Amino acid sequence: MQVLHAFVIVCTSSIAFILVQMYLARFITSEIVLRDILAIFSQQGIRLVLVDKLALEAISRKNPPGLNLHFLSSQVVTTFATIANLKSPPDLENSLSDLQEVGFRVDILTGPGIILDVRHAHANANIPLHIVAERTGWWLHVVILYDIHGSFLWHGPATGVTTLGFPEDMLQYGSGGREGVLDWFDVRSSKLDDLEIEVPANTSEFLAETANSTFISCNYTRAKEFFDTYNDDTSGEALYFKAKVLQIIRLSKLVLESLEVPFWLSSGTCLGWFRQCDVIPYSKDVDIGVWIKHYHPGIIDAFVAKGFWLHSIFGRVNDSYELSFGYSGVKLDIFFFYEDSRGMWNGGTEFTSGQKYRYDFPKFQLCWTELMGIKVRVPCDTLSYIEANYGDQWFEPIKEWDWNKSPPNARTNGYWPELEWREVIQIFYPEAEDS
């Protein structure tokens with residue numbers, strides 16, 4: 001019995017020793033793999049930035065202190081990014097060959113690039129979107145971030161990522177067939193043992209942005225169909241109005257982001273984006289939505305400081321609040337949205353009678369998109385949002401629109417007491433002066 005017991009102890013110790021050796025060998029091998037990859041891409045002039053969320057979280061926590069190769073190689077997947085020009089996508093053939101020569105299995109995922117012009121709706125060639133490579137059980141994922149107008153970075157979906165057996169549940173960018181966008185970010189060098197590697201300069205800010213980076217492209221095929229059916233208004237008046245809308249959206253984005261107030265395209269401005277990837281030239285105003293929970297008391301002063309003038313204030317912050325500003329003859333409406341058991345809604349007020357209105361919408365989340373080169377938000381399920389506000393005939397242009405009677409989701413919602421009108425109905429300039 002004693003001999004058997006000793007034999008069991010020896011076997012157990014031997015197995016434990018072998019497992020430890022295998023464990024250490026895996027990490028040593030993975031570190032070599034990582035060094036090989038970094039060297040190959042560097043030799044091909046492809047700049048890699050570490051965007052792996054687990055690694056960046058470790059840097060943000062400073063735990064483990066001084067991120068090292070061992071930490072990266074201990075992960076099954078490590079994710080990097082490279083920035084490219086949409087007009088001249090990167091040539092990855094040499095990198096692909098070099099990786100294969102040193103034993104990697106490699107796949108380059110391709111797909112249509114982002115469309116930015118209705119003229120290119122049917123001429124969108126496939127471009128490289130993601131690179132995945134594997135050796136000795138360690139995976140590399142490189143997401144290609146394309147520069148869009150110098151204002152933001154776009155990546156495509158990682159469709160087909162599992163072809164080589166990539167663990168899809170560890171995909172950090174492009175999962176679920178989703179596109180994504182990020183603002184341009186500065187980078188800094190970080191020491192990984194004896195290697196210099198680039199990481200986002202502000203890792204906490206970068207991670208916060210990646211948590212809400214889903215992008216939905218405008219449907220330029222639908223936009224082309226719209227313009228083929230109804231023609232595009234290219235009159236001087238229409239072009240002037242579009243230029244003013246572009247200016248107002250840029251300034252609104254600047255003001256609200258400085259106050260950390262997220263906003264989205266709403267009403268007619270949202271319809272213009274969804275239907276024609278453009279501005280509705282006869283709408284004569286700009287509409288945006290803001291959650292009331294993000295209301296900031298400095299909003300009015302911030303807009304005025306940027307050259308807007310306050311046109312009107314309707315309602316109270318806790319009920320049917322709405323702000324309107326004027327800028328170069330164009331009105332900006334900011335609708336504040338509330339949430340209750342019935343869904344999401346914004347309010348309206350008829351200034352001659354004090355009649356209140358409520359516009360109901362199905363609950364929605366926000367996604368990023370692009371309008372005239374500007375990165376903005378829209379409801380992710382935009383069709384449901386549009387149909388709530390405009391019905392199922394939204395594709396047809398309607399130039400006569402009554403704000404409190406035409407929308408199918410408009411409901412009367414009581415009256416403001418006349419004694420409160422001085423507070424809840426404030427008009428600073430007649431509507432005629434703003435048109």
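Quick caveat, the model's predicted, so the values are computed rather than measured. Heavy atoms only: backbone and side chains are in, while hydrogens, waters and symmetry mates are out.
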Salt bridge (Lys or Arg N to Asp or Glu O under 4.0 Å) between Glu198 and Arg188, intermediate numbers included: CA-CA 5 Å; Glu198 289 187 319; Arg188 61 179 174 85; over 6 Å; no

State, to 0.1 Å, how close Val378 and Thr382 come at their nearest heavy-atom pair, and which atoms those are. CG2-OG1, 4.1 Å

Working for salt bridge (Lys or Arg N to Asp or Glu O under 4.0 Å), residues Asp301 and Lys306: CA-CA 9 Å; Asp301 288 343; Lys306 285 296 181 182; over 6 Å; no

Hey, does the Lys NZ or Arg CZ of Arg222 hover above the aromatic six-ring of Phe227, less than 6.0 Å from the centre and inside 45° of the axis? no

Taking 4.0 angstrom as the limit, do Asp147 and Lys87 come out as a salt bridge? no

Does a side-chain N-to-carboxylate-O contact under 4.0 Å join Asp107 and Arg105? no

Do you know the tightest heavy-atom contact between Ser151 and Trp184? C-CD1, 3.8 Å

Does the side chain of Ile292 come within less than 4.5 Å of Val317's, by heavy atoms? yes

Side chains of Ser266 and Tyr385: any donor to acceptor distance under 3.5 Å? yes

Ionic contact status for Asp232 with Lys242, cut-off 4.0 Å: yes

Indicate whether any N or O donor in one side chain lies under 3.5 Å from an N or O acceptor in the other, for Glu179 and Thr214. no

Supply the atom-to-atom distance Trp139 CH2 to Met170 CE, rounded to the nearest 0.5 angstrom. 11.5 Å

Stacked cation flag Lys284 on Phe241, 6.0 angstrom / 45 deg: yes

Residue pair Ile144 / Ile127, side-chain heavy-atom distance below 4.5 Å: no

Between Tyr390 and Trp401, does the ring centroid distance fall short of 6.0 Å? yes

Can the ring centres of Phe263 and Trp291 be said to be less than 6.0 Å apart? no

Is the Trp403 to Tyr357 ring centre distance short of 6.0 Å? yes

Can you confirm if the NZ or CZ of Lys375 lies within 45° of the ring axis of Phe215 and under 6.0 Å from the centre of its six-membered ring? no

Determine whether the aromatic ring centres of Phe337 and Trp264 lie less than 6.0 Å apart. yes

Result of checking Val181, Ile115, Leu116 against Glu370 for side-chain contact (heavy atoms from CB on, under 4.5 Å): Leu116

State, without any angle test, whether Thr369 and Trp273 hold a side-chain donor-acceptor pair at a distance under 3.5 Å. yes

